[in-house]
**Student:** 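Got a structure for you, questions after.
Atom set for the values below is all heavy atoms of this structure, side chains included, hydrogens, waters and symmetry mates excluded. From a predicted model like this one, the values you see are computed outputs, not experimental measurements. Remember, it's 1-based here, ligands and their atoms both numbered in the order they're listed.
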Amino acid sequence: MTRPERELEITYWLLDTRSLWPGQKIAAQAAAELQLISPEERQACTRKYHIADARMSLASALLKRLFVSKTLGIPWTQVRYGRKRDPTHGKPCALLPDGSQAPIEFNVSHQNGLVALVGSSSPEAELGVDIVHTNERLQSTYKLIDREGLDGWVDIYEDIFSDEECWDMKYNVDPFPLLDGTVVTAEMLGRHDRVCRRGQPIFATLPSGEKRSFSSDLLIDAKLRKFYVYWCFKEAYIKLDGEALLAKWIKELEFKNVRAPRPGTPARCATYGSWGERVSDSEAWLKRRRLTDVRLEIQSFEEDFMIGVAAKPADRLPEYLTDFKSLHLEHDIVEFATPF
Ligand SMILES: CC(C)(COP(=O)(O)OP(=O)(O)OC[C@H]1O[C@@H](n2cnc3c(N)ncnc32)[C@H](O)[C@@H]1OP(=O)(O)O)[C@@H](O)C(=O)NCCC(=O)NCCS
């Protein structure tokens, strides 16, 4: 890929809160860090019922403040926020000391302990990020799928996804591995790619002609993974745009050429989890027209996370849209911050 002449600089930060602030009460565990955020942010954090949510809320407040303070070159405690367009539901933005909107762009997402920020010092950039976790509420998802089938489950979201997207999620499957690592493609499945129930005995015909039997649970998991890619792109684009819950066009926003990236490896006692595959060639369409100005990318992290980014303008973006750098709480954030 040739690099654009005036390529935008984009910041991609990730803060993993899963091993931060252990215990049950954020106020006790993160007393020092809570002094680094505003009284309103602190209150929002300590009000969370689950400490896991409080951790992500604190991490998000720290990441945003770090980005805005560094990018605008203003003191840590003087960072202020507003919202674009709608004062209640609009996209969060930074404010200049005179109260006007700062000419920078950022967006945040949190899920299952991970917090991501994408940002740019350029006012032309429009960015949206979303993290999905494929094990999120998995048992209740399975329960619903066992009752309604995967097709019935996808239909629950028919107000969000177009007919073509629903079809793709129900009946098309990306290559997925069997338990021994053999990768099964849609072609090997024949019409078994239409299966929407778990617990069915199905088989794939390998290139050698050998038939391999396995449970449709694996097929359904692969289809679910693809569902989360659609979800992630939709959220990332909605967050780029900032219209959020007020967007009336969600169903007319379509994604094509969607494929789930292969997972990374899980975190083990002595190592962090690893990044998996990147998928960068999916397309965004709105009201049947391709949004040529938007680029999308999704990357797997560990086995169950995927992080998606939607960005504009397409002709000024760097090669990768998910070039995340893991920040260290103490060295990268606390040492830079000043208490309120
Ligand atoms: C706020 C919203 C945009 C994202 O929420 P989410 O996916 O549940 O949560 P995420 O962790 O990914 O994002 C939360 C962050 O989004 C940011 N955000 C809030 N409102 C936003 C908006 N209007 N536009 C962009 N970003 C927004 C905030 O920075 C927030 O983090 P913070 O509170 O720590 O600052 C969401 O509530 C929403 O409106 N979603 C779209 C509606 C929908 O129907 N989605 C269905 C499937 S696509």
Side-chain angles (χ1 to χ4, degrees), residues 13-17 26 33 37-38 40-48 50 52-68 79-95 101 104-120 125-133 136-137 153-154 156-162 165-166 169 226-255 258 284 286 296 298 301 305-312 322 324:
W13 286 339
L14 193 69
L15 189 57
D16 187 344
T17 68
I26 195 81
E33 290 86 351
I37 59 177
S38 71
E40 302 77 48
E41 289 169 322
R42 199 176 306 142
Q43 207 186 26
C45 251
T46 49
R47 262 205 320 252
K48 301 274 183 220
H50 296 291
D53 295 329
R55 283 188 199 112
M56 291 192 287
S57 180
L58 173 55
S60 168
L62 291 169
L63 282 185
K64 283 181 292 191
R65 197 162 282 275
L66 182 70
F67 176 74
V68 175
V79 169
R80 302 271 180 281
Y81 303 101
R83 284 184 185 261
K84 293 181 186 172
R85 301 200 288 243
D86 186 276
T88 320
H89 301 289
K91 184 171 184 171
C93 63
L95 299 179
Q101 199 178 302
I104 62 172
E105 166 76 350
F106 66 88
N107 195 230
V108 171
S109 181
H110 14 90
Q111 188 67 255
N112 272 44
L114 291 193
V115 184
L117 176 143
V118 290
S120 175
E126 290 184 57
L127 302 167
V129 61
D130 195 57
I131 308 180
V132 289
H133 189 265
E136 184 75 6
R137 293 186 280 274
W153 187 71
V154 168
I156 295 171
Y157 301 97
E158 66 183 7
D159 291 342
I160 292 173
F161 297 110
S162 73
E165 289 178 316
C166 287
M169 287 185 257
K226 187 167 180 154
F227 168 88
Y228 279 107
V229 177
Y230 272 106
W231 184 276
C232 189
F233 280 154
K234 212 154 259 211
E235 281 282 4
Y237 182 85
I238 286 169
K239 292 175 72 186
L240 169 152
D241 177 82
E243 200 76 352
L245 293 170
L246 305 175
K248 300 272 179 290
W249 36 260
I250 291 186
K251 199 178 157 86
E252 290 171 288
L253 170 69
E254 291 181 277
F255 297 94
V258 171
L286 186 64
L296 303 163
I298 188 162
F301 180 69
F305 286 104
M306 291 185 279
I307 308 187
V309 172
K312 265 163 108 163
T322 54
F324 284 95

**Student:** Does S57 come within less than 4.0 angstrom of ligand 1, counting non-hydrogen atoms of the residue?
**Tutor:** no
**Student:** I need the single residue from K91, R85, K248 that forms a salt bridge (charged side-chain N to carboxylate O under 4.0 Å, His left out) with D241. Which is it?
**Tutor:** R85
**Student:** Tell me the protein heavy atom at minimum distance from atom 20 (N) of ligand 1, and give that distance in Å.
**Tutor:** R83 NH1, 3.6 Å
**Student:** Classify the angle between the aromatic ring planes of F301 and F305 as parallel (below 30°), tilted (30 to 60°) or perpendicular (above 60°).
**Tutor:** tilted
**Student:** What's the shortest distance from atom 23 (N) of ligand 1 to any protein heavy atom, and which residue and atom give it?
**Tutor:** H89 O, 2.7 Å
**Student:** Check each heavy atom of S60 against ligand 1 and say whether those closer than 4.0 Å belong to the side chain, the backbone, both or neither.
**Tutor:** side chain
**Student:** Does I250 approach ligand 1 within less than 4.0 angstrom via side chain, backbone, both or neither, non-hydrogen atoms only?
**Tutor:** side chain
**Student:** What protein heavy atom is closest to atom 16 (O) of ligand 1, reported as residue, atom name and distance in Å?
**Tutor:** K239 CE, 3.4 Å
**Student:** Taking the inter-plane angle between the rings of F106 and Y81 on a 0 to 90° scale, is it parallel (under 30°), tilted (30 to 60°) or perpendicular (over 60°)?
**Tutor:** perpendicular
**Student:** Do K234 side-chain atoms and L253 backbone N/O form a donor-acceptor pair below 3.5 Å?
**Tutor:** yes
**Student:** Under the 3.5 angstrom rule, does the side chain of T46 hit a backbone N or O of R42 as a donor-acceptor pair?
**Tutor:** yes
**Student:** Does some non-hydrogen atom of the protein lie less than 4.0 angstrom from atom 9 (O) of ligand 1?
**Tutor:** no
**Student:** Select the closest option to atom 43 (C) of ligand 1 among K234, E243, E235, K91, judged by heavy-atom distance.
**Tutor:** E235
**Student:** Given the protein's heavy atoms, is any one of them under 4.0 Å from atom 37 (O) of ligand 1?
**Tutor:** no
**Student:** Which residue holds the protein heavy atom closest to atom 42 (C) of ligand 1, what is that atom called, and what is the gap in Å?
**Tutor:** L245 CD2, 3.4 Å
**Student:** What pairs with K239 under salt bridge (charged side-chain N to carboxylate O under 4.0 Å, His left out), at least two apart in sequence or on another chain?
**Tutor:** none
**Student:** Hey, is atom 45 (N) of ligand 1 touched by any protein heavy atom at less than 4.0 Å?
**Tutor:** yes
**Student:** Under a 4.0 Å N-O cut-off, is there an ion pair linking E105 with K312?
**Tutor:** no
**Student:** Would I160 count as a polar contact of ligand 1, with the cut-off being nitrogen or oxygen pairs under 3.5 Å?
**Tutor:** no
**Student:** Tell me, which protein residue and heavy-atom name are nearest atom 35 (O) of ligand 1, and how many Å apart are they?
**Tutor:** K64 NZ, 2.5 Å
**Student:** Hey, what's the ring geometry for Y157 with F227, parallel, tilted or perpendicular (30° and 60° as the breaks)?
**Tutor:** tilted
**Student:** Please determine whether side-chain contact (heavy atoms from CB on, under 4.5 Å) holds for the pair R65 and S38, giving the CA-CA distance in whole Å, both sets of side-chain angles, and the decisive distance to 0.1 Å.
**Tutor:** CA-CA 10 Å; R65 197 162 282 275; S38 71; 3.9 Å; yes
**Student:** Note the single closest protein heavy atom to atom 15 (C) of ligand 1, along with its residue, its atom name and the distance in Å.
**Tutor:** V108 O, 3.3 Å
**Student:** Starting from atom 29 (O) of ligand 1, find the nearest protein heavy-atom neighbour and note its residue, name and distance.
**Tutor:** P92 CG, 3.7 Å
**Student:** Which bit of D241 is near ligand 1, meaning a heavy atom under 4.0 Å away: side chain, backbone, both or neither?
**Tutor:** neither
**Student:** Quick check against the 3.5 Å criterion: does S162 have a side-chain atom that pairs as donor or acceptor with the backbone of E252?
**Tutor:** no
**Student:** Please could you name the atoms of ligand 1 that W231 approaches to less than 4.0 Å, counting only its heavy atoms?
**Tutor:** 46 (C), 47 (C)
**Student:** Determine, considering heavy atoms only, which of M56, H110, Q111 sits nearest to atom 33 (O) of ligand 1.
**Tutor:** H110
**Student:** Is atom 2 (C) of ligand 1 close to the protein, meaning a heavy atom under 4.0 Å from it?
**Tutor:** no
**Student:** For L114 and Q111, what are the C-alpha separation, side-chain angles and deciding distance, and is it a side-chain contact (heavy atoms from CB on, under 4.5 Å)?
**Tutor:** CA-CA 5 Å; L114 291 193; Q111 188 67 255; 5.8 Å; no
**Student:** Might you check, step by step, whether the distance between atom 6 (P) of ligand 1 and some protein heavy atom is under 4.0 Å?
**Tutor:** no
**Student:** Donor-acceptor pair, E254 side chain versus E165 backbone, under 3.5 Å?
**Tutor:** no
**Student:** Which of the numbered atoms in ligand 1 are below 4.0 angstrom from a heavy atom of G242?
**Tutor:** 22 (C), 23 (N), 24 (N)
**Student:** Just which atoms of ligand 1 are under 4.0 Å from any heavy atom in N107?
**Tutor:** 25 (C), 26 (N)
**Student:** What residues form a side-chain contact (heavy atoms from CB on, under 4.5 Å) with A61, not counting sequence neighbours?
**Tutor:** I37, E41
**Student:** For D130, counting its heavy atoms only, list the atoms of ligand 1 lying under 4.0 Å from any of them.
**Tutor:** 7 (O), 12 (O)
**Student:** Quick check against the 3.5 Å criterion: does N107 have a side-chain atom that pairs as donor or acceptor with the backbone of V118?
**Tutor:** no
